[in-house]
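Structure record follows, encoded as structure tokens.
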Amino acid sequence: MARVKIRYYQVTKGRAYWKPTEKMKNCGFEAQSLGKDGPSAWQRAEELNVLWDNWRVDPGMAKRAYRPGTLGHLFDEYHKTNQWRIKAPATRDEWEYSFKTISPVFGDISVAAISFSHIDRFYEGMLSSFSLHKTHRVMKTLRALFNVAIAFELITANPTAGISNKAPRGRKEIWTPNEVDKLASKAWNEGYKALAVVIRLAYDTELAPVDIRQLTMRQKLKDASGVYFKTSRAKTGKRAYATLSERTASTLINYLASLDYVIPADQPFIRNRAGRIYTKDKLATDFRYIKKQLWPDDKRQLRDMRRTGNVEAAVGGAQPQDLSAKAGNTIAVSNSLFETYTPVQLAAVRRADKARKRGRKALKKNKKH
């Protein structure tokens, strides 16, 4: 396998490790095993480097040493388990994000001493201080962390069980095909060629940005209907077939041809302008920059491309199993959760693509009236 140049990244006998310097260790950053050398390990190493870079800007993010038995110590110990290691990077980031809110309140308290009344006051305090979206995220992580405490035999019951965690309203924003074209063209003309590819891939495939960032050319295949990638969702692990339109496939070819270096087939090909693998934050920053030039006050995000595809396909008459196959996860249909237990089939994805075409025509026609 070709080697990549990533800070603090080392490979020993095919296993990847993130090894911080002594200075970084003194700041609370520990060496981490990243599993088998490959795209997933590269991505995690880049994310750890972002955490380090962020800490250098804000030293207040330094890790603390907690007393045994406290919630903070439990969280640190959980980091050392295999169950933590196999979590998707996005899930680990979610836990880390939430614990920044949890730790000032419960980090130094014994897990066994935290009661329902403590949680109840904490939850009400969050509702009055934070958005419903953040409150829901933090509470979801806290509930899961107490389940870990049960597994560690620190407690026998979850004190969050009696809390009704109100979920925020789902996003409704979508993009039109014309807007997608404008975004991709603007990104390309501004020199953000990989971003142009990401935008078109996001619209065509309905993959989440994290999944697009991890695509490799080794996953690229072709059948009579066109080009597609055989991959899996980072969040759920479900198999996904990411089908490309002719225009997106052409944009991808042109992007690769524009590079003055060759990307090995087993490495992520989405690179920022510095030639590095795109991180979550960098991709979001570049997307906002391009979007702002076209629509300064627009609040839509790259991830809304995913919803756009579902709306188009649903309007076009796609069946629930086809929508689920296309998205590579479970979906909501008529306010009830539809889950497919059968393997994702490329044929189902192609049916969803055809339904999207019908849906685009219908949406365009309704907009005129």
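Both backbone and side-chain heavy atoms feed into the values below; hydrogens, waters and symmetry mates do not.
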- Under the side chain to side chain donor-acceptor pair (under 3.5 Å) criterion, do Tyr9 and Asp37 qualify, and how do the steps go? CA-CA 10 Å; Tyr9 184 85; Asp37 180 33; 2.5 Å; yes
- Dump the intermediate steps for side-chain contact (heavy atoms from CB on, under 4.5 Å) on Trp42 and Leu34, then the final yes or no. CA-CA 8 Å; Trp42 303 333; Leu34 307 178; over 6 Å; no
- Between Phe152 and Asn147, is a side-chain contact (heavy atoms from CB on, under 4.5 Å) present by the stated rule, with each step listed? CA-CA 9 Å; Phe152 272 67; Asn147 284 333; over 6 Å; no
- Query: For Lys193 and Asn254, what are the C-alpha separation, side-chain angles and deciding distance, and is it a side-chain contact (heavy atoms from CB on, under 4.5 Å)?
  - Reply: CA-CA 9 Å; Lys193 295 184 177 180; Asn254 292 336; over 6 Å; no
- Item | Test log, rule salt bridge (charged side-chain N to carboxylate O under 4.0 Å, His left out), inputs Arg200 and Asp181 | CA-CA 8 Å; Arg200 293 202 179 280; Asp181 286 340; 3.0 Å; yes
- Task: Test side-chain contact (heavy atoms from CB on, under 4.5 Å) on Glu94 and Thr141 and set out the steps.
- Result: CA-CA 8 Å; Glu94 181 73 5; Thr141 298; 4.3 Å; yes
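The environment of Lys182 atom NZ is sparse: at most 12 non-hydrogen atoms of other residues, nucleotides or ligands sit within 6.0 angstrom. Heavy atoms from other residues, nucleotides or ligands lying under 6.0 Å from NZ of Lys280 number 12 at most. Other residues, nucleotides and ligands contribute more than 12 heavy atoms inside 6.0 Å of the CZ atom of Arg7.
Under a 3.5 Å cut-off, the side chain of Arg15 and the backbone N or O of Ser33 do not form any donor-acceptor pair. Arg271 contributes no side-chain N or O that, together with a main-chain N or O of Arg276, makes up a donor-acceptor pair within less than 3.5 Å. A donor-acceptor distance shorter than 3.5 angstrom exists from the side chain of Ser129 to the backbone of Gly125, with no hydrogens or angles considered. With Glu124 contributing its side chain and Arg121 its backbone, the two residues share no donor-acceptor pair below 3.5 Å. The backbone N or O of Ser185 sits less than 3.5 Å from a side-chain atom of Asn189, completing a donor-acceptor pair. The backbone N or O of Leu244 lies less than 3.5 Å from no partner atom in the side chain of Arg247, so there is not a single donor-acceptor pair. Within the 3.5 Å criterion, the main-chain N or O of Met24 finds a donor-acceptor partner in the side chain of Thr21. Proximity of a side-chain donor or acceptor of Ser250 to a complementary backbone N or O of Glu246 within less than 3.5 Å is not detected. Formation of a donor-acceptor pair under 3.5 Å by the Arg303 side chain with backbone atoms of Ala208 is not found in this model.
No path of Ile, Leu, Val, Met, Phe, Trp and Tyr side chains, each step under 4.5 Å between heavy atoms, connects Ile86 with Tyr78, placing them in separate hydrophobic clusters. A single hydrophobic cluster is seen to contain both Phe130 and Met139, as judged by linkage of ILVMFWY side chains at heavy-atom distances under 4.5 Å, directly or through other members. Hydrophobic clustering (side-chain heavy atoms under 4.5 Å, transitive across Ile, Leu, Val, Met, Phe, Trp, Tyr) keeps Leu221 apart from Ile253. The cluster map of Ile, Leu, Val, Met, Phe, Trp and Tyr, joined by side-chain heavy atoms under 4.5 Å apart, puts Tyr17 and Leu48 in different clusters.
Counting only heavy atoms from C-beta outward, the side chains of Pro39 and Pro268 approach each other to under 4.5 Å. Residues Tyr66 and Leu74 fail the side-chain proximity criterion, which asks for heavy atoms closer than 4.5 Å. Thr156 places none of its side-chain heavy atoms less than 4.5 Å from the side chain of Ile150. Taking the side chain as every heavy atom from C-beta outward, Leu71 and Leu142 approach each other to under 4.5 Å. At a threshold of 4.5 Å between non-hydrogen side-chain atoms, the residues Arg360 and Pro177 count as touching. Between Ile263 and Leu259, the closest side-chain pair of non-hydrogen atoms falls below 4.5 Å. The side-chain heavy atoms of Glu190 and Leu195, taken from C-beta on, include no pair separated by under 4.5 Å.
Atoms CG and CD1, from Leu302 and Ile290 in turn, are 12.5 Å apart once rounded to the nearest 0.5 Å. In this structure, CG in Leu215 is found 11.0 Å from CZ in Arg213, a value given to the nearest 0.5 Å. Note that OG1 of Thr135 and CE of Met126 are 5.0 Å apart. Values are rounded to the nearest 0.5 Å. Residue Arg307 holds its CZ atom at 4.5 Å from CG of Asp304, rounded to the nearest 0.5 Å. Atoms CD and CD, on Gln301 and Glu173 in that order, are 8.0 Å from each other to the nearest 0.5 Å. Within the model, atoms CZ of Arg300 and CH2 of Trp175 stand 4.0 Å from one another, a figure rounded to the nearest 0.5 Å.
Between Thr70 and His73, the side chains place no donor N or O within less than 3.5 Å of an acceptor N or O (distance only, hydrogens not considered). Remark: the Asp286 side chain and the Asn272 side chain contain no N/O donor-acceptor pair separated by less than 3.5 Å. In this structure, a donor-acceptor pair under 3.5 Å is present between the side chains of Glu179 and Thr176. Side-chain contact annotation: Asp281 with Thr279, donor-acceptor N/O pair under 3.5 Å absent. A donor atom on one side chain and an acceptor atom on the other are found under 3.5 Å apart for Asp204 and Ser245.
What you find for Val210 and Gln214 is that their closest heavy atoms are O-CG, 3.4 Å. The shortest non-hydrogen separation linking Ala112 to Ile155 is CA-CG2, 3.8 Å. The two atoms that bring Ala196 and Ala184 nearest to each other are CB-O, 3.4 Å, heavy atoms only. For Val138 against Ser98, the heavy-atom pair with the smallest separation is CA-OG, 3.7 Å. Residue Lys291 comes nearest to Leu183 through the heavy atom pair CA-CD2, 4.0 Å, listed as atom of the first residue, atom of the second, then distance. Of all non-hydrogen atoms in Leu294 and Lys186, the two that sit nearest each other are CD1-CB, 4.0 Å.
Separation of the Phe229 and Phe269 ring centroids falls under the 6.0 Å cut-off. Annotation: His79 is in aromatic contact with Phe75 [ring centroid separation under 6.0 Å]. Between Tyr289 and Tyr192, the distance separating the two ring centers is shorter than 6.0 angstrom. Taking the six-membered ring wherever Trp is involved, the centroid distance between the rings of Tyr255 and Trp188 does not fall below 6.0 Å.
For the pair Arg356 and Tyr203, the cation-pi test (distance below 6.0 Å, angle within 45°) is passed. Remark: Arg137 qualifies as a cation-pi partner of Tyr97 under the 6.0 Å distance and 45° angle criteria applied to the six-membered ring. Remark: Arg44 fails to qualify as a cation-pi partner of Trp18 under the 6.0 Å distance and 45° angle criteria applied to the six-membered ring.
Shown are Ile199, Leu207, Thr205; of these, the side-chain contact (heavy atoms from CB on, under 4.5 Å) with Met305 is made only by Ile199. Exactly one residue among Phe146, Phe122, Phe99 makes a ring pair (Phe, Tyr, Trp, His ring centres under 6.0 Å) with Phe106. That residue is Phe122.
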